[in-house]
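All remarks here apply to the structure that follows.
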Amino acid sequence: MWPLIRGTLSGIVGYMVGALIATLTTTSTFSGEFALVLGFVFGLLGWLFGIGMWNAWGREWVGLTPKTEKAEGWRRYLRFNTDHKVIGAQYLVTMLIVFLLAGLVAMAMRAELASPGQNLFTADVYNKVMSMHGILMIAVAVAGILGAFGNYLVPLMIGADDMAFPRINALGYWMVPPVAIALLAAPLVGSFDAGWTAYPPLSVLNGDGQVLFNVAVIAFGLSSILGGLNIVATVITMRAPGMTWSKLPIFVWAAFAASILSLTVTQFFAASLIMILLDRIAGTTWFGAPGGGTALLYEHVFWFYSHPAVYIMVLPGMGVILEIISHFSRKPLFAYKAVVVSFLSIAGIGSVVWAHHMFTSGMAQNLEGPFMALTEAVSIPTGVIFLAAVGTLWRGKLWFQTPLLLAFFWIFQFLIGGITGVFLADFVTDLSLHDTYFVVAHFHYTIVGGSIFALMAGTFYWFPKVTGRMYNEKLGKIFATWFFVFFQLTFIPLFWVGLNGMNRRVATYQDNLGGVNRFASMMAMIMGLSFVLFVVNLLWSAKFGPVAPANPWNARTLEWQVSSPPPEHNFPSPPSVDGGPYDYGVVGAPTHLREVADPVG
Amino acid sequence: MTTSAEPIQHGAGPSRQRRINQLGLWLFFASETFLFGAFISSRFITSQTSTPEDLNQALALALTIVLLLSSISAYLAETANAHDDHRGFRIYTVATITLGALFLGGVALEWKEALEYFPPGTIYGTAFFSLVGLHAFHVLTGLIALAVILFLGKEGRFGSKDSWPVEGVIKYWHFVDLAWVIIYPTLYLF
Amino acid sequence: MTAVTPATGPGTYNDRVRLGWITAALLAVLTLIEYAVAINVENPLILLLPFVLAKGALIMDFFMHIRKLKTGGDH
């Protein structure tokens, strides 16, 4: 616990120092906007140095020898730990907690929307609640799979003993708690009500909470950039002998493609939020029309990140699902190379479709056609991935465990998300669908389908590896089905209310839509309850579940060839790779991990 | 938990570690390019290629030359270090830091004038203060990093046997110079 | 230590120093021409691009040793 206390104390001191500097050098008050910014920056640095960056790293910069603080058991997780497996587990637990929290916020939103008028909240409070739900869930989708499984599994799957930059990895994780605290503390200084997209002019004019939102999300973006950098460098340089690019497990390819995106385009989100801060604090006029700026600029810069961000969320999910489908159908992955090309082309084409979010924004009209065409072009590689999933299942020997069940649900969900997306990519239909609940339903099918279902599937699939114990299969299947069924019952009606003109991001709506909304709200509550089962299953199994063997799924990939949980440096002896990762049922195929005559000697 | 003293990969040699570090640094540059790219493209979107008449062209050219001089002195410091010329390393690093500080001083002077003629509230001023400020922030971090390697290398600790920290910092310094190569025409030369 | 060094590539110390100065001189000349072009030409956007590209290439190759990325800088 000591590093946490130390980090908290030096974080508070850092905040005070930053806020004080701001107060002394400018006209800002101690809780003013500039003080919040400088306070957060110094507080973040103080927290990071306190939690262990100073000992593990900073001492080197002044000529001292870095100190390693050893710890055993659960204490390993509460300090600056450079072991990629610890960091992966830290991300998984943090992101699941944030997910449940943001889920509760969603329940509050559905409670408000159960009937047409202003009930639970005023319109103003609803906007703040909605913004909080948005940004927390976006964080989970961005860092859930990539942070948790990317960190935990990429080194294991490629036969490395850690990431390329273990300390940067730990730094990236420990930036997350201050981000969460700043977002959750924003209501103390007026909260933020501009949605997770933070469009100006509102985000330049609203309460001081927006400033906390901006600095927190910029810090989160930096964490995401560092994580992406680490995964790209690890995959390029740390592969075991024999692990050629064409033998890379498909999840590693997916994480690689997503990491290239998060390494590069995330800077545009940072840039757009910095511009808002400059407009608010430094008196620039990027988005202020009176000075000659334009709010349209924000949408371009913001969506240049935030559309590819969808692929940062979904690509790792695709990787997890294809991984699970191949292992549980006991068949080689169908069209491996086409899938790899698709991942990379999704990342590529996905970076040049951003303006399809702006068809109603008043942007240059001659751009609408090209952006529509490019957006629809993304469905070609996405279709290849569906084909690979179905082609692998086809005539497979299916082993219906919870992960495969969730993978089936994923296919259905993402299919609905994809099909409804066509109407939004087409600017003619988008003109009437934009900003309605049709978009909300489409978006949730895509992201909950593409990312959250994969996060759940991966959590069950790798649970034995991470904890060393088996989860409860029956509870797992009940949870998966419950979640899936009530998800449909919640969101299919939302397509309908959207088509009937219900606007998103507003607390109230037309009276005649009350019945359907009440139904959706009830179903949403029941869907939310399913997570009690999820949490109970995981917590109980982690402590009392039956002890898991090294390879409960009989999978070929490297992470299953070491004990559960894996030893400290992953492999007892340097591994090398022989056959492909998915050669199930291929006669005469060598094992993926090269067999050594005497592995210990 | 691994300590920094332990090798990163089973049997990893220093040359492998150097390769990893170098790749990591270039990936970081790629990422930073997008940050600068966002602001540079925004300058063209909001104010196209317009520049105010009151720009101090002589000062801007002088700043550019100072930064170029700091680049060659950084290069000489790196080369001296790689050839175990510890005295040369120290001299040229001090020269680089001095030139970098001179650049920041020049920016401060420029800003004082700019606040009068095209304050941040004007559309050109917005781009000008944002971009020059972003770049100056990078110069400042580069100066801190240079000061750290100067301090750590005062007793000839780096040299050819452990040259990566020096190379890394100096690559960063060149990258900051590279950013100015693009920012300079973007803001001044239209 | 002579001949091959990891940091800057082959050649003696003096060779490397000379190469650095030549690069810097080229950069300075390009900058001055760039400035002269910009001051004397109306709307010089297209004309300035080659200067930016040339200067960027010089810095990345001779100062930042981008070619060492492939070999890792050893030998």
Side-chain angles (χ1 to χ4, degrees), chain B residues 13-23 25-26 29 44 48-49 51 57-58 60-61 64-65 67-69 71-76 78-85 88 92 158-161 163-164 166-167 170-175 177-186 188-190, chain C residues 1-9 11-32 34-45 47-49 51-66 68-75:
Chain B
S15 82
R16 184 194 171 92
Q17 187 55 51
R18 165 194 289 276
R19 187 167 169 244
I20 295 172
N21 288 345
Q22 213 162 57
L23 176 68
L25 192 61
W26 277 101
F29 293 157
F44 288 117
Q48 290 78 45
T49 57
T51 44
Q57 291 288 1
L61 187 63
T64 310
I65 297 296
L67 211 53
L68 173 62
L69 284 175
S71 248
I72 178 67
S73 73
Y75 173 89
L76 294 174
E78 182 194 27
T79 310
N81 182 62
H83 291 84
D84 290 306
D85 174 5
Y92 289 123
F158 295 121
S160 57
K161 64 185 185 305
S163 59
W164 169 254
V166 173
E167 276 173 55
I170 288 186
K171 266 196 191 37
Y172 179 72
W173 188 257
H174 289 309
F175 175 75
D177 184 35
L178 184 61
W180 187 256
V181 163
I182 301 165
I183 292 172
Y184 175 56
T186 300
Y188 300 90
L189 296 185
F190 288 113
Chain C
M1 297 299 280
T2 50
V4 178
T5 55
T8 49
T12 63
Y13 189 4
N14 283 338
D15 286 347
R16 305 301 309 172
V17 169
R18 195 174 311 122
L19 189 62
W21 279 110
I22 293 170
T23 313
L26 275 175
L27 286 169
V29 169
L30 281 172
T31 307
L32 292 174
E34 182 188 25
Y35 178 74
V37 168
I39 293 304
N40 293 310
V41 177
E42 194 75 10
N43 228 345
L45 180 63
L47 289 176
L48 293 187
L49 261 177
F51 288 98
V52 170
L53 291 177
K55 284 164 76 181
L58 281 173
I59 290 175
M60 289 216 283
D61 195 15
F62 292 106
F63 282 170
M64 297 169 83
H65 317 296
I66 192 168
K68 295 283 180 299
L69 191 55
K70 231 175 169 173
T71 56
D74 267 352
H75 316 300

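Proteins get letters first, then strands, A, B, ... in listed order; numbering begins at 1 in each. The basis for the numbers below is simple: all heavy atoms, side chains too, and nothing from hydrogens, waters or symmetry mates.
Proximity to chain C (any heavy atom under 4.5 Å) is shown, for Phe175(B), by both the backbone and the side chain. When heavy atoms are compared at a cutoff of 4.5 Å, Ala60(B) does not approach chain C at all. With a threshold of 4.5 angstrom between heavy atoms, Leu27(C) approaches chain B through its backbone and through its side chain.
Here the side chain of Tyr75(B) pairs a donor or acceptor atom with the backbone of Arg16(C) at under 3.5 angstrom.
One finds the CD1 atom of Ile59(C) at 4.5 Å from the CG atom of Asp177(B) (value rounded to the nearest 0.5 Å). Residue Met64(C) holds its CE atom at 7.5 Å from CG of Leu25(B), rounded to the nearest 0.5 Å.
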For Phe51(C) and Val181(B), what are the C-alpha separation, side-chain angles and deciding distance, and is it a side-chain contact (heavy atoms from CB on, under 4.5 Å)? CA-CA 9 Å; Phe51(C) 288 98; Val181(B) 163; over 6 Å; no
Please assess Thr23(C) against Ile72(B) for the test side-chain contact (heavy atoms from CB on, under 4.5 Å), listing each intermediate value before the final yes or no. CA-CA 8 Å; Thr23(C) 313; Ile72(B) 178 67; over 6 Å; no
Check step by step if side-chain contact (heavy atoms from CB on, under 4.5 Å) holds for Trp180(B) and Lys55(C). CA-CA 11 Å; Trp180(B) 187 256; Lys55(C) 284 164 76 181; over 6 Å; no
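Annotation: Tyr184(B), atom OH; neighbour count of heavy atoms from other residues, nucleotides and ligands within 6.0 Å is above 12.
When each of Leu32(C), Leu45(C), Leu53(C) is checked for heavy-atom pairs under 4.5 Å with chain B, Leu45(C) comes out on top.
In terms of the side-chain contact (heavy atoms from CB on, under 4.5 Å) criterion, residue partners of Ile65(B) (sequence neighbours excluded) are, by chain and number, Leu69(B).
Side-chain contact check for Pro185(B) versus Val52(C): some heavy-atom pair is nearer than 4.5 Å. Put simply, the side chain of Phe63(C) does not reach to within 4.5 Å of the side chain of Leu178(B), judged on heavy atoms.
Exactly one residue among Glu78(B), His174(B), Gln22(B) makes a side-chain hydrogen bond (donor to acceptor under 3.5 Å, both in side chains) with His65(C). That residue is Glu78(B).
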